[in-house]
Amino acid sequence: MNGRLSAEYQGLEVKVPGLFRCPISLDVMRSPVSLCTGVTYERASIQRWLDSGNTTCPATMLSLPSTDLVPNLTLRRLIALWASTAAPSSSSSPAAASAVGPTPAAAAAELLRRVADPAADPCPPLRKLAAFLSDDDVDEFDKNALARAGGAAETVASVLRRAGREAAEAAVRVLAAIAASDCIEEESKRRVAAALAADAPSAAAALARVLRSATSLEARVDAARLVESLLRNAAPGARATVADSEELLGELIRLVGPADDKGGLDRQAVAAGLSCLAAIAATRRARAEMVRLGAVPAAVRILEADAGSPSQALRVLEAAVGCAEGRAAVCESAGSAVPAVVSKMMKGGMAGAEAAVSVLWAVCHRYRDRRAVAAAAACESGLTKLLLLMQSGCSPAVRQMTSELLKIFRVNGKSCVAGYDSKTSHIMPF
């Protein structure tokens, strides 16, 4: 701008304080951020400077020990205040307000009004809201202002429940951008869950429809994230209603299945779907239905394919063996299921390891299924992993289960740790 307002603002008697201009673009800043040197820039301008490989402050040319960008909220509020008061007449000269655009609250209110209008198509404003919330260049302050806007979550959730496929998919993208974003305040996330839980059966049915018919895998993943948000934040009655939805369970299991014609698994889809299934499995009466719909082979396939989230997959199997149908499913495919559990025993953290032990103990020790026992005894690394787990600070209950499992695993030169191969006498742990 060369120190002057652009042509559309020329002739209007509005003076822009120099402090409000970005040192790089000379435009009025919309999202001011400060470097460690204390100089404030427009976020997009300084980000382009840094992305180009520069390691100095453009204004001072000092070397930057840190490239962190800290939002200058005080300056942003001053700019917003100036924009609302600097123009001589709000009706005839809106230059100052136009220089920075409408405030986030005003923009959100207008978009939400269009979303709520029964005579208007909600898809365009919903897509704008989703793009705004998903844009990495948008300041977190602005995103939270939109998420906090009165009735935002409730308005979008109502569209999800009543609208057709296209609008419901767009609504899911907006709600998931709020519920799953690290930068959004927890209160706004709780409002999303509360808005969905207000009519949990309708919300579960709508999310199942999006999971079934969405045009992109990303939208299906977003729908699963909303299911998890609902499960973790809703009241017990609403959670039970969601867990009882056969259609929703089936779609979540399909989500963690093959994502293409070659049978490949998508890690984001696997993570989102398994997280929901693990949360649903906490409801005891949902476990048998999960098993009937194919949760056991789906979890085993994920472990075998090393598609990520081993801890969640093991938790799903742990919940499954808590019912007779689940134990039967694991034992029927013991030749693949048991080795898959053993192979990932130490790759899912302590929670995953303990879940793996619970699965093996249930089918091998408590119910002594011969197929499971034979498959466990044939796992070459089983003994070593169990011995390591006993020494790793697991819970007393898991330590007891582990000691009982050790009696099942065949002790031979391949399965023992190196120390057992020497001529030194050792007391075996069983």
Side-chain angles (χ1 to χ4, degrees), residues 30-31 80 83-84 90-92 94 97-135 137-181 183-185 187-216 218-223 225-227 229-230 233-234 238:
R30 296 172 179 266
S31 178
S84 64
S90 59
S91 60
S92 62
S98 299
V100 294
T103 64
E110 173 57 23
L111 288 173
L112 289 170
R113 185 192 64 76
R114 292 166 56 191
V115 170
D117 185 354
D121 180 4
C123 290
L126 283 171
R127 292 195 187 101
K128 288 184 179 181
L129 288 171
F132 181 87
L133 290 166
S134 304
D135 191 342
D137 291 332
V138 174
D139 193 270
E140 294 178 5
F141 181 86
D142 289 348
K143 292 182 180 181
N144 276 288
L146 191 155
R148 286 195 304 266
E154 295 77 8
T155 299
V156 179
S158 69
V159 173
L160 169 64
R161 286 191 291 262
R162 63 178 168 77
R165 181 192 61 78
E166 189 175 359
E169 184 175 333
V172 161
R173 302 306 298 268
V174 174
L175 294 173
I178 297 174
S181 174
C183 73
I184 298 297
E185 297 167 349
E187 178 58 30
S188 296
K189 296 181 181 182
R190 286 192 289 270
R191 284 176 55 196
V192 168
L196 294 172
D199 188 353
S202 295
L207 291 171
R209 288 195 297 271
V210 174
L211 280 163
R212 181 180 65 253
S213 60
T215 56
S216 68
E218 290 78 7
R220 296 174 62 206
V221 170
D222 281 342
R225 288 170 176 159
L226 286 180
V227 173
S229 175
L230 179 57
N233 295 287

Trainee: Among residues at least two apart in sequence or on other chains, which ones pass side-chain contact (heavy atoms from CB on, under 4.5 Å) with Ala167?
Mentor: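 Ala167 satisfies side-chain contact (heavy atoms from CB on, under 4.5 Å) with Pro122, Cys123, Val159, Ala163 once adjacent residues are dropped.
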Trainee: Which side-chain N or O atoms in residues 203-214 pair as donor and acceptor under 3.5 Å with protein atoms at least two apart or in another chain?
Mentor:
unit_1 : atom_1 : unit_2 : atom_2 : d
Arg212 : NH1    : Glu247 : OE2    : 2.3
Ser213 : OG     : Arg209 : O      : 2.8

Trainee: Would you please name every residue forming a side chain to side chain donor-acceptor pair (under 3.5 Å) with Arg173, sequence neighbours left out?
Mentor: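 Checked Arg173 against side chain to side chain donor-acceptor pair (under 3.5 Å); matches are Asp222.
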Trainee: Less than 4.5 Å apart, side chain to side chain, heavy atoms only: is that true for Leu226 and Val192?
Mentor: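 Sidechains of Val192 and Leu226: in contact.
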Trainee: Go through it in stages, so that I can follow the logic: the residues are Leu160 and Val174, the test is side-chain contact (heavy atoms from CB on, under 4.5 Å), and I'd like the CA-CA distance, side-chain angles, deciding distance and then a yes or no.
Mentor: CA-CA 10 Å; Leu160 169 64; Val174 174; over 6 Å; no
Trainee: Under the side chain to side chain donor-acceptor pair (under 3.5 Å) rule, collect the residues that match up with Arg113, sequence neighbours excluded.
Mentor: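 Once residues adjacent in sequence are excluded, the partners of Arg113 under the side chain to side chain donor-acceptor pair (under 3.5 Å) criterion are Glu110.
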Trainee: Per the salt bridge (Lys or Arg N to Asp or Glu O under 4.0 Å) rule, what does the pair list look like for residues 115-128, sequence neighbours excluded?
Mentor: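 Qualifying pairs, neighbours excluded: Arg127-Glu166.
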Trainee: Of all the heavy-atom pairs spanning Ala179 and Lys189, show the shortest one and how long it is.
Mentor: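 Where Ala179 meets Lys189 most closely, the heavy atoms are O-CD, 3.6 Å.
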Trainee: The test is salt bridge (charged side-chain N to carboxylate O under 4.0 Å, His left out); show your working for Glu187 and Arg191 and say whether it passes.
Mentor: CA-CA 6 Å; Glu187 178 58 30; Arg191 284 176 55 196; 5.6 Å; no
Trainee: Are the side chains of Lys143 and Ser181 in touch, meaning some heavy atoms are under 4.5 Å apart?
Mentor: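 Heavy-atom side-chain distance check fails, nothing below 4.5 Å.
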Trainee: Among Leu133, Asn144, Leu129, whose side-chain contact (heavy atoms from CB on, under 4.5 Å) with Ile178 holds?
Mentor: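 Looking at Leu133, Asn144, Leu129, the match for Ile178 under the side-chain contact (heavy atoms from CB on, under 4.5 Å) is Leu133.
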Trainee: Mind jotting down which residue pairs meet the side-chain hydrogen bond (donor to acceptor under 3.5 Å, both in side chains) criterion with at least one end in residues 196-205? Sequence neighbours excluded, please.
Mentor: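 Residue pairs passing side-chain hydrogen bond (donor to acceptor under 3.5 Å, both in side chains), neighbours aside: Asp199-Ser202.
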Trainee: Restricting to salt bridge (Lys or Arg N to Asp or Glu O under 4.0 Å), what partner residues turn up for Arg114, sequence neighbours left out?
Mentor: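 Scan of Arg114 (salt bridge (Lys or Arg N to Asp or Glu O under 4.0 Å), adjacent residues dropped) gives none.
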Trainee: Table please: side-chain donor-acceptor pairs of residues 146-158 below 3.5 Å, with sequence neighbours left out.
Mentor:
unit_1 : atom_1 : unit_2 : atom_2 : d
Arg148 : NH1    : Glu185 : OE1    : 3.2
Arg148 : NH1    : Glu185 : OE2    : 2.9
Thr155 : OG1    : Gly151 : O      : 2.7
Ser158 : OG     : Thr155 : O      : 2.6

Trainee: Taking all heavy atoms of Leu126 and all of Ala170, pick out the closest pair and write down the distance.
Mentor: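 Leu126 and Ala170 have their closest heavy atoms at CB-CB, 3.8 Å.
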Trainee: Would you confirm whether Glu169, through its side chain, and Thr215, through its main-chain N or O, come within 3.5 Å as a donor-acceptor pair?
Mentor: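 Answer holds: yes.
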